[in-house]
Amino acid sequence: MNIRQLIDSRVSQALTDAGVPNDTPAVIKPSNRPVFGDYQANGIMGAAKKIKTNPRELAAKVLDCLVLSDIAEKVEIAGPGFLNIHLKPEWLSQQLDQTLDSKTLNIEQVKTPQTIVVDYSGPNLAKEMHVGHLRSTIIGDAIVRVLEFRGHQVIRQNHVGDWGTQFGMLIAHMNSLQSSSDELSMKLSDLEAFYREAKKRFDDAPDFAEAARDYVVKLQSGDPECHRLWQQFIDISLQHCDDIYARLNVSLNREHVMPESAYNNDLKQVITDLGTADLLTEDQGAKCVFLEDFKGKDDKILPTIVQKSDGGYLYATTDLAALRYRHQTLHANRILYFVDARQSLHLNQVFTIAKKAHFVPEATQLEHLAFGTMMGKDGKPFKTRAGGTVKLIELLKEAEQRALALVNQKNPDLSEAERLLVAQKVGIAAVKYADLSKNRSSDYIFNWDSMLSFEGNTAPYLQYAYARIQSIFRKANTIDLQAALILDEKTEKQLAVKLLQLSETLETVVKDSTPNILCNYLFELAGHFMSFYEACPILKTDNEAMRNSRLKLAHLTATTLKTGLGLLGIDTLDRM
RNA sequence: GCGCUUGUAGCUCAGUUGGAUAGAGCAACGGCCUUCUAAGCCGUGGGUCGCAGGUUCGACUCCUGCCAAGCGCGCCA
């Protein structure tokens with residue numbers, strides 16, 4: 001059940017019956033102030049303009065045609081022609097009872113499920129994951145969970161970078177350490193250091209650089225020994241990723257890995273097919289696609305190079321092969337890319353070429369969900385003190401440590417084991433939520449103090465709200481979920497309405513791939529609960545019916561919080 | 001030069017197809033723990049929504065121009 005949709009269909013019908021053209025939107029929104037009721041219809045003014053009539057008069061006409069008495073206790077005309085809708089407490093109770101009985105919280109599955117390919121995380125396996133991979137990984141994962149919850153078929157694709165010139169250097173370095181394999185495996189436990197060593201040798205020693213280039217050629221020509229070393233490196237690197245995903249509570253695993261190298265055999269064919277589609281131009285020895293849609297300096301058309309003059313392929317070629325695979329083999333209706341905003345031009349070029357070459361049909365939705373860079377407190381890209389990239393694993397460890405210090409201070413009575421668990425859950429949640437709760441498109445400032453201050457719109461605040469409810473249940477012993485809901489107090493009714501708005505929230509999240517909308521909802525829900533909690537005694541009331549009703553509201557809040565946080569990939573705790 | 005993104009309170013950010021008095025949190029100030037977890041609640045102060053025009057009953061939102069910041073623009077990914 002989706003309140004906004006329900007009211008929308010009723011008001012739209014009334015608009016039609018009042019003589020307004022069919023396609024006029026009713027514009028239903030939650031009211032921005034309590035005096036304006038629970039929902040408001042804003043579409044009448046626009047409709048009045050369209051048919052050149054007085055908006056107040058049209059509002060009266062629409063109100064006459066409007067059938068809403070089953071869900072609303074009062075609908076009134078206000079201001080220049082708003083309809084303010086006050087929902088019936090009995091109807092709210094009835095809907096909440098249905099929520100309680102439903103596995104999906106009274107939220108219907110989508111009528112036409114899509115096959116949605118989601119491309120996210122995509123680390124470069126030559127190095128360890130660093131903070132630059134965080135946003136794609138957690139935003140993508142949250143959206144994946146929401147899409148699945150709504151009933152779509154989601155195919156995760158972790159397009160990891162496992163190919164390219166840098167692997168020649170790494171293999172050469174591995175090979176020179178072969179003599180003592182203990183040393184090799186030890187060194188590979190810190191991939192970042194391993195990469196630096198290899199890079200240093202590549203830059204400093206011409207012999208080594210020569211060998212590295214030979215290895216690239218060998219690797220590409222399928223040399224078995226070289227391939228074995230490469231595979232060994234890739235396995236270790238993927239293991240590092242798996243560890244991070246597990247620690248981050250991200251749903252990616254090996255099954256979702258579809259590396260760049262998987263497309264190697266198709267690259268030649270991609271070029272051939274681009275030629276057949278008459279899109280290919282040779283320029284200075286390189287094979288390019290020139291598209292009118294993309295112009296650069298002096299209005300000159302920008303090329304997308306798909307094959308270098310030395311015959312090598314580029315990431316545009318691989319991305320085209322991947323798009324084709326996602327259409328032909330995975331049968332995607334919609335493909336989402338959670339990729340850094342800086343790749344916007346590249347992806348737009350690839351999308352356009354793929355459609356022109358008929359690698360994917362026109363109807364397939366291709367979306368680049370761009371996000372900004374993670375900045376430090378100073379507004380510059382987030383780095384270590386020494387100016388290096390911050391390893392993701394180090395960041396997560398620090399989050400847990402900082403959270404532990406806080407738990408020790410806030411709740412020293414918990415056992416050590418429990419404090420460690422709380423620190424782990426809260427620390428990770430804080431990092432994830434700080435990112436998820438912000439608008440995707442802008443750069444975002446990473447600040448330990450604000451995310452772990454545990455005040456305001458943060459994960460710990462939401463987890464705390466949940467833990468508080470669990471504490472009530474421990475003291476209550478039994479809850480009667482059959483009890484009638486009584487929504488007399490203002491805070492009770494507001495909480496009830498909020499509880500029922502998860503559905504319309506998820507509708508928006510799915511449409512725009514914006515997890516911050518869900519964060520915002522959960523923050524408001526928790527806020528409404530806190531107000532209710534302060535205003536309405538639950539266990540302290542003598543009135544048995546009221547106690548049961550309030551316990552039930554608390555139960556519904558807990559369930560909704562847990563579900564919502566779960567969709568963000570954030571765990572709840574019974575105690576903190 | 002061209003393109004993309006961003007510009008809202010001292011700071012970090014919301015603001016959903018144009019709607020009523022632009023909202024939170026932090027920071028500041030003032031209240032609330034013998035009472036269900038004070039990681040909380042209630043309240044006060046704080047705004048030229050980058051600037052200037054335009055569209056209209058109505059603009060933070062749409063259009064145009066300008067200013068500022070970040071990023072991208074041929075053989076890395």
Side-chain angles (χ1 to χ4, degrees), chain A residues 4 25 27 29-33 35-36 40 42-43 45-46 48-49 55 78-82 84 122 124 126 161 163-166 260 283-288 294-300 302-310 312 314-316 318-319 340-346 348 370 372-373 375 379 406-407 409-411 426 434 437-439 441-445 447 449-450 453-458 460-461 463-465 467-476 504-505 507-508 511-512 514 516-517 519-520 523-524 527 530-531 533-535 537-540 550 554 575-576:
Chain A
R4 184 172 62 192
V27 194
K29 300 184 177 186
S31 299
N32 41 23
R33 240 171 303 161
V35 288
F36 297 149
Q40 58 185 64
N42 298 341
M45 283 89 76
K49 191 197 287 192
F82 297 99
N84 289 340
N124 176 1
W163 206 247
T165 47
Q166 47 201 345
E260 284 178 340
D283 194 84
Q284 295 165 48
K287 292 202 170 69
C288 307
F294 303 101
K295 289 183 178 169
K297 229 179 262 181
D298 313 322
D299 254 14
K300 248 177 78 183
L302 290 175
T304 306
I305 302 179
V306 290
Q307 188 169 22
K308 296 193 281 184
S309 49
D310 68 1
L314 293 106
Y315 75 141
T318 313
D319 282 336
D340 194 294
R342 284 172 292 193
Q343 301 210 29
S344 154
L345 174 62
H346 161 73
N348 271 321
T373 311
M375 302 296 201
L406 274 154
V407 178
Q409 175 204 326
K410 300 270 186 194
N411 207 344
V426 168
S437 61
K438 277 165 190 102
N439 186 319
S441 54
S442 40
D443 288 345
Y444 124 77
I445 296 185
N447 184 340
D449 296 329
S450 65
S453 76
F454 294 33
E455 278 163 17
N457 189 6
T458 62
Y461 174 83
Q463 289 173 313
Y464 177 68
R468 254 184 156 177
I469 298 171
Q470 296 311 311
S471 171
I472 297 170
F473 294 156
R474 280 192 295 272
K475 297 207 160 122
E504 58 197 56
T505 302
E507 184 194 353
T508 308
K511 182 164 64 70
D512 303 329
T514 47
N516 67 307
I517 301 291
C519 294
N520 199 45
F523 178 59
E524 283 172 4
M530 292 291 194
S531 301
Y533 177 90
E534 300 283 338
I538 300 172
L539 301 176
K540 304 269 153 121
R550 289 177 177 170
R575 224 186 287 265
M576 65 188 275

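In this text the structure is predicted, and so the values were computed from the model without any measurement. The sequence lines fix the lettering, A, B, ..., with proteins before strands; numbering per chain opens at 1.
Backbone-only contact: A/Leu314 has heavy atoms under 4.0 Å from sugar-phosphate atoms and none from a base. Here A/Ile517 lies in heavy-atom contact (under 4.0 Å) with sugar-phosphate atoms only. Within 4.0 Å of A/Asn520, counting heavy atoms only, lie sugar-phosphate atoms of the nucleic acid but no base atom.
Taking atom CE of residue A/Met45 and atom C1' of nucleotide B/U56, one finds them 13 Å apart after rounding to whole Å.
Note on A/Lys49: every side-chain N or O is 4.0 Å or more away from OP1 and OP2 of B/C57.
At least one side-chain heavy atom of A/Arg4 sits less than 4.5 Å from a side-chain heavy atom of A/Thr508. Residues A/Gln40 and A/Asn32 have side chains in contact (heavy-atom distance under 4.5 Å, counting atoms from C-beta outward).
B/A39 has no stacking from A/Tyr461 on its base ring, since the centres under 5.5 angstrom apart and planes within 30 degrees of parallel are not both found. Remark: ring of A/Tyr464 not stacked against base of B/G40; the cut-offs of centroid gap under 5.5 Å and plane tilt under 30° are not jointly satisfied.
For B/C33, the base adopts the syn conformation, since its glycosidic angle falls within 90 degrees of zero. For B/G7, the base adopts the anti conformation, since its glycosidic angle falls more than 90 degrees from zero.
By the salt bridge (Lys or Arg N to Asp or Glu O under 4.0 Å) test, A/Asp310 is found to be paired with no residue, residues two or more places apart in sequence or in another chain being considered.
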In the 5'-to-3' direction, what one-character label does each nucleotide of nucleotides 4-13 of chain B receive under the scheme B = base within less than 4.0 Å of a protein heavy atom, S = sugar-phosphate only, - = no such atom? SSS-----SS
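With a cut-off of 3.5 Å on both pairing distances, the Watson-Crick and G-U wobble pairs of RNA chain B assemble into stems of 3 or more at B:1-7 with B:67-73, B:10-13 with B:23-26, B:28-32 with B:40-44, B:50-54 with B:62-66.
At a cut-off of 3.5 angstrom, the base of B/A20 holds at least one donor-acceptor pair with the side chain of A/Asn84. Counting atom types as modelled, A/Arg33 pairs a side-chain N or O with a base atom of B/U21 as donor and acceptor under 3.5 Å.
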